[in-house]
A.B. asks: 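Let me begin by handing over the structure; questions about it come next.
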Protein chains: 2
Amino acid sequence: MLRLSKKADYALMAMKHLAQKSGTSSTSAREIAEQYDIPIELMAKVLQRLVRIGLLVSTQGTRGGYTLGRQANRISVVDVIEAIDGPITVTACSTKKIDCEQFSKCSIRDPLWQIRERIAAALGTVTIAEMAVEPVPSREPVSRAAVLHNART
Amino acid sequence: MLRLSKKADYALMAMKHLAQKSGTSSTSAREIAEQYDIPIELMAKVLQRLVRIGLLVSTQGTRGGYTLGRQANRISVVDVIEAIDGPITVTACSTKKIDCEQFSKCSIRDPLWQIRERIAAALGTVTIAEMAVEPVPSREPVSRAAVLHNART
DNA sequence: GTAAACTACGACAACTGCAGTCGGATTTAG
DNA sequence: CTAAATCCGACTGCAGTTGTCGTAGTTTAC
């Protein structure tokens with residue numbers, strides 16, 4: 001396990017997409033959703049949550065859409081994940097130090113808490129900007145990257 | 001999210017417990033289960049899986065039970081988690097490099113793969129032995145630790 | 001040699017949370 | 001005013017996890 005939800009996946013895709021389009025006018029939920037085969041209304045819901053947290057800025061109305069709320073290099077992966085899925089918790093009972101009183105016998109809270117910190121730190125050091133950089137096709141032959149190019153101009 | 005399953009929790013508790021009791025004769029599933037309020041049969045199932053992987057050794061019969069399969073400092077947290085929940089996968093489609101062909105549009109596989117590696121590395125550096133060390137009450141006042149002491153003699 | 005205590009295993013029921021859908025309200029450009 | 005967007009909450013269906021049960025096999029104690 002240790003898997004993140006699809007919504008979080010979608011959120012990361014959208015953030016990366018918007019990061020690569022920064023500078024352009026805002027992008028609609030529909031446009032992003034269609035490009036990645038995501039149900040439009042689900043994509044919209046995800047984006048709205050990102051707005052509420054402040055990671056995105058929305059403009060309503062006909063030509064509306066979404067834009068990054070701050071610079072891509074100031075948004076970390078953990079920001080996005082926690083915006084969607086809530087704070088990262090390795091165990092069921094951990095958000096607060098005073099978790100399940102019943103499980104005072106738990107005995108592994110402290111070690112797991114440390115682990116949580118390490119994971120959060122790992123996620124915190126990766127920014128959306130880094131994700132948005134096209135991976136220089138150093139190892140892979142160019143073929144795959146070329147196919148994926150969606151330069152629609 | 002990014003939460004690990006309860007079975008994995010139980011497994012870690014059991015491993016820690018056994019690590020602290022290493023040297024003693026084997027410990028039964030019932031004994032561990034009762035101490036942590038875990039359903040006995042579920043605990044047994046978890047322990048059996050750990051045996052199959054080789055992290056534990058079992059002895060059958062009346063005075064039977066479980067013992068660590070190797071030294072506690074040679075068992076990492078990631079070993080235990082993967083024994084129970086299978087390989088750590090941050091995304092739904094990631095185990096193989098060739099994941100969902102349909103999602104060739106995914107665009108975040110590579111970044112997430114790197115993140116997965118980091119998480120796995122973080123979990124790999126923590127051993128059961130480290131978890132089993134009683135946390136020296138350096139910061140916390142002794143009170144809490146004292147309460148939790150279950151020296152039943 | 002029989003009963004008790006334990007591991008071993010698989011199949012099944014119950015529950016929980018996520019994924020996705022629907023309906024409706026609000027805003028804005030043309 | 002209409003079309004195209006964002007916004008928001010509530011609802012359903014599905015899937016995976018949790019937990020239970022029954023049964024078989026093994027070792028020890030008496």
Side-chain angles (χ1 to χ4, degrees), chain A residues 1-11 13-14 18 25-34 36-67 69 81 83-86 89-93 100 103, chain B residues 1-11 13-14 18 25-34 36-67 69 81 83-87 89-93 100 102-103:
Chain A
M1 272 290 113
L2 272 174
R3 188 168 302 163
L4 42 82
S5 72
K6 275 196 180 180
K7 287 181 195 171
D9 279 354
Y10 297 159
M13 292 190 217
L18 289 172
S25 60
S26 61
T27 310
S28 73
R30 160 166 283 118
E31 186 180 332
I32 305 178
E34 284 179 350
Y36 302 106
D37 269 343
I38 302 171
I40 307 173
E41 317 191 339
L42 187 51
M43 178 85 271
K45 210 196 292 187
V46 168
L47 293 171
Q48 283 158 27
R49 253 196 257 182
L50 292 174
V51 169
R52 237 179 289 177
I53 302 286
L55 294 180
L56 292 183
V57 170
S58 68
T59 62
Q60 291 193 336
T62 312
R63 292 278 171 92
Y66 299 89
T67 316
I81 293 175
I84 300 298
D85 288 342
T89 57
V90 173
T91 62
C93 57
C100 10
F103 279 14
Chain B
M1 269 291 114
L2 271 174
R3 186 169 303 161
L4 43 82
S5 71
K6 273 195 179 177
K7 286 182 194 170
D9 279 355
Y10 296 159
M13 291 191 218
L18 289 173
S25 59
S26 62
T27 309
S28 74
R30 158 166 286 119
E31 185 181 331
I32 304 178
E34 284 179 349
Y36 303 106
D37 268 342
I38 301 172
I40 306 174
E41 317 193 339
L42 186 51
M43 179 84 270
K45 214 196 289 188
V46 168
L47 292 171
Q48 282 158 27
R49 251 197 258 183
L50 294 174
V51 169
R52 239 180 286 176
I53 302 286
L55 294 179
L56 292 183
V57 170
S58 68
T59 61
Q60 292 194 333
T62 311
R63 292 277 170 90
Y66 300 88
T67 317
I81 294 175
I84 300 298
D85 287 343
T89 58
V90 172
T91 63
C93 57
C100 8
Q102 323 160 355
F103 279 15

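Since the structure is predicted, the reported quantities are computational estimates derived from the model, not experimental observations. Letters A, B, ... are given to chains in the order of the sequence lines, protein chains preceding strands, and every chain is numbered from 1.
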A.B. asks: Compare every heavy atom of B:A8 with every heavy atom of B:I84, then report the nearest pair and how far apart it is.
C.D. replies: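 Shortest heavy-atom separation between B:I84 and B:A8 comes out as CG2-N, 3.9 Å.
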
A.B. asks: Does the base of D:dT18 carry an N or O that pairs as donor and acceptor with the side chain of B:K45 under 3.5 Å?
C.D. replies: no

A.B. asks: Per the atom types in the model, does the base of C:dA8 pair as donor or acceptor with the side chain of B:Q48 at under 3.5 Å?
C.D. replies: yes

A.B. asks: From CG of A:L42 over to C1' of D:dG9, roughly how many Å is that when rounded to an integer?
C.D. replies: 15 Å

A.B. asks: Please report, rounded to the nearest Å, how far the P atom of C:dA4 is from the CZ atom of B:R30.
C.D. replies: 14 Å

A.B. asks: Identify which one of B:L50, B:V51, B:T67 satisfies the side chain to side chain contact (heavy atoms under 4.5 Å, CB included) criterion when paired with B:S58.
C.D. replies: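 Only one option passes, and that is B:V51.
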
A.B. asks: I want to verify a distance call: between C:dG20, D:dT18, C:dA4, whose nearest atom is closest to the B:T62 side chain?
C.D. replies: C:dA4

A.B. asks: Using whole Å, what does the distance between atom P of nucleotide C:dG17 and atom CG of B:L4 come to?
C.D. replies: 16 Å

A.B. asks: Quickly work out the B:D37 CG to D:dT18 P distance and round it to whole Å.
C.D. replies: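 That distance rounds to 17 Å.
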
A.B. asks: So A:A29, base contact, sugar-phosphate only, or nothing? Heavy-atom distance under 4.0 Å.
C.D. replies: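 Sugar-phosphate only.
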
A.B. asks: Checking contacts here: which listed nucleotide (C:dC22, C:dC6, C:dT28) is nearest the side-chain heavy atoms of B:S28?
C.D. replies: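 Of the candidates, C:dC6 comes closest.
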
A.B. asks: What nucleotide, of C:dA29, C:dA8, D:dG19, holds the atom closest to the side chain of B:S58?
C.D. replies: C:dA8

A.B. asks: Ignoring backbone atoms, establish whether B:Y10 has a side-chain N or O less than 4.0 Å from OP1 or OP2 of D:dG19.
C.D. replies: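 Checking B:Y10 against D:dG19: at least one side-chain N or O falls below 4.0 Å of OP1 or OP2.
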
A.B. asks: Judged by each residue's nearest nucleotide on DNA chain C, which is more toward the 5′ side, B:V51 or A:S5?
C.D. replies: B:V51

A.B. asks: Rounded to the nearest 0.5 Å, what separation is found between the CD1 atom of B:I38 and the CD1 atom of B:I32?
C.D. replies: 8.0 Å

A.B. asks: Would you mind telling me which of D:dT6, D:dT18, D:dG9 lies closest to the side-chain atoms of A:R52?
C.D. replies: D:dG9

A.B. asks: Look at the side chain of A:P39 and decide which nucleotide, out of C:dT21, D:dT6, D:dG19, has an atom nearest to it.
C.D. replies: C:dT21

A.B. asks: Between C:dA19, D:dT28, D:dT18, which nucleotide gets closest to the side-chain atoms of B:R63?
C.D. replies: D:dT28

A.B. asks: What's the CG-C1' distance between B:L2 and C:dG17, to the nearest Å?
C.D. replies: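 Nearest whole value for this atom pair: 16 Å.
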
A.B. asks: Could you check whether any side-chain N or O of A:T27 sits under 3.5 Å from a backbone N or O of A:G65, counting only pairs where one atom can act as donor and the other as acceptor?
C.D. replies: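 No: the side chain of A:T27 does not pair with the backbone of A:G65.
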
A.B. asks: Whole-Å distance between C:dG17 C1' and A:K6 NZ?
C.D. replies: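 The distance from NZ of A:K6 to C1' of C:dG17 comes to 14 Å, rounded to the nearest Å.
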
A.B. asks: To the nearest 0.5 Å, tell me how far A:K7 NZ sits from A:M43 CE.
C.D. replies: 11.5 Å

A.B. asks: Distance check needed: C:dA8 C1' versus B:M43 CE, whole Å only.
C.D. replies: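 Taking atom C1' of C:dA8 as the reference, CE of B:M43 is at 15 Å.
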
A.B. asks: Which nucleotide in the list D:dT20, D:dT18, C:dA19 gets nearest to the side chain of B:E41?
C.D. replies: D:dT20

A.B. asks: Nearest whole Å is fine: how far is C:dT27 P from A:Q60 CD?
C.D. replies: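 So the CD-P distance, A:Q60 to C:dT27, works out to 7 Å.
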
